[in-house]
Amino acid sequence: MIPSVLPTYNRAPLSFVKGEGSWLIEADGRRFLDLGAGIAVNALGHAHPALVAALTEQAGKLWHVSNLYRIPEQQALADRLVSETFADTVFFTNSGTESCELAVKMARKYWYEKGKPEKTDIVAFTGSFHGRSSAGIAAAGSEKMVKGFGPLLPGFVHVDWADHDGLKAAITDTTAAILIEPVQGEGGIRPLPDQCLKGLRALCDEHGILLILDEVQCGMGRTGKLFAHEWSGVTPDIMMVAKGIGGGFPLGAVLATENAASGMTAGTHGSTYGGNPLACAVGLAVMDHLADPDFLAGVRRRAALFRQRLEGLVATHAGVFDEVRGQGFMLGLKCRLPNTDVVAACYERELVTVPAGDNVVRLLPPLTLSEAEIAEAITRLDRAATSVELKAKAS
Ligand SMILES: *Cc1c(COP(=O)(O)O)cnc(C)c1O
């Protein structure tokens, strides 16, 4: 008999019933140190007092009104995002997938309005992840995600990560945009070198095409800058955001320059929930913390400490781990033994990590992770790695 919840997830046998900062409390009372943060969502940890206050205050006033009306909280959050980034304009969604949908629509509409309706192709990269909608799976193009779900949304061209010649060859008269994650998340924490992002920007400028960055996972302070592309000094035309922006409340956004957004006039796109008062009140409280330069400096400092300790861990357990990679608090442990064994061993030590592609264990803690919690995380990772080593030797 089919379970009452559609069985599309492989769930660990854990039920968390409460969260406090970097900690998750299981139904049986065990306290897990959370290095997953709901997959880079709980940027300020669990039950952050400022977010609880923003949510409950707004909940007592007004939860939802239609986008048929002006929404002051939405306006304030858009103003804030525009003032902190490259963007001139923002559309609010409820998820990363929805942000992908709009990013693709926006790029195509741009060329349509410019009198070049043939320019519809989006060049994307293997190993990427852009969500589970028809556009999202077509953009990622991985066999695993698209199999059985055809016909696929046409107009996506795939290039291997780091295949520079292939990328140049993929750009034709029908190319509308290049779509890329500055740091691949699901693909296994693969950061795009700054030089490559600069090269991509130059390539887009040379061909007059749009650069779309998917910062759903790597954005909102995760790498130690508000957005990951800031490390390279170049800016996109369109950017997808979600995950951390709501701190756990479902919220996403598409940020764009005035030029890139020029096709999106009244009636061309919409959402019932996107940018409702409740979501935006929380989003504003999240931004108050994440856009603070002192907060981001703290993230960089603590993340550097974490990384240094992880390098030590990898050296001690060279049979389990190959390397540490990533940036800020978006880190991956490339494993030599199956990553799922490491994740399972971490659960036994009351530590939450997240598996990713390329046999990587992802570490995406709340950005508030303290120095003491970093030390505790290393202790638990060390014990988990030892037990994985022992089991591998025994079998
Ligand atoms: C999670 C993710 C998405 C999809 O976001 P949802 O909120 O799950 O729809 C898209 N792109 C990237 C890079 C992601 O990590």
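Both ligands and their constituent atoms are indexed starting at 1 by order of listing.
Trp111 does not carry Lys116 over the face of its six-membered ring by the limits of under 6.0 Å from the centre and within 45° of the normal.
A donor-acceptor pair shorter than 3.5 Å can be found between the side chains of Thr93 and Ser99. Under 3.5 Å, the side chains of Asp88 and Thr257 contain no donor-acceptor pair of N or O atoms.
Near His130, meaning under 4.0 Å from any of its heavy atoms, are these atoms of ligand 1: 10 (C), 11 (N). For ligand 1 and Glu181, the ligand atoms under 4.0 Å from any heavy atom of the residue are 13 (C). Counting atoms of ligand 1 from 1 in the listed order, those under 4.0 Å from a heavy atom of Lys243 are 1 (C), 2 (C), 3 (C), 14 (C), 15 (O). Of all atoms in ligand 1, listed by their number and element, those nearer than 4.0 Å to a heavy atom of Ser95 are 7 (O), 9 (O).
Nearest non-hydrogen protein atom to atom 5 (O) of ligand 1 is Gly96 CA, 3.2 Å. The shortest contact between atom 11 (N) of ligand 1 and any protein heavy atom is with Asp214 OD2, 2.7 Å.
Between Met240 and ligand 1, no N or O atom pair is found at a separation short of 3.5 Å. The shortest N/O to N/O separation between Val216 and ligand 1 does not fall below 3.5 Å. At least one N/O-N/O distance between Thr97 and ligand 1 falls below 3.5 Å.
A salt bridge does not link Glu373 with Arg302: every distance from a Lys NZ or Arg NE/NH1/NH2 to an Asp or Glu carboxylate oxygen is 4.0 Å or more. The residues Arg31 and Glu20 are annotated as salt-bridged, a charged nitrogen and a carboxylate oxygen being separated by less than 4.0 angstrom. Here Glu376 pairs with Arg380 in a salt bridge; the nearest charged N to carboxylate O distance falls below 4.0 Å.
Note on ring orientation: taking the six-membered ring where Trp is involved, the planes of Phe227 and His229 are parallel (angle under 30°, cut-offs 30° and 60°).
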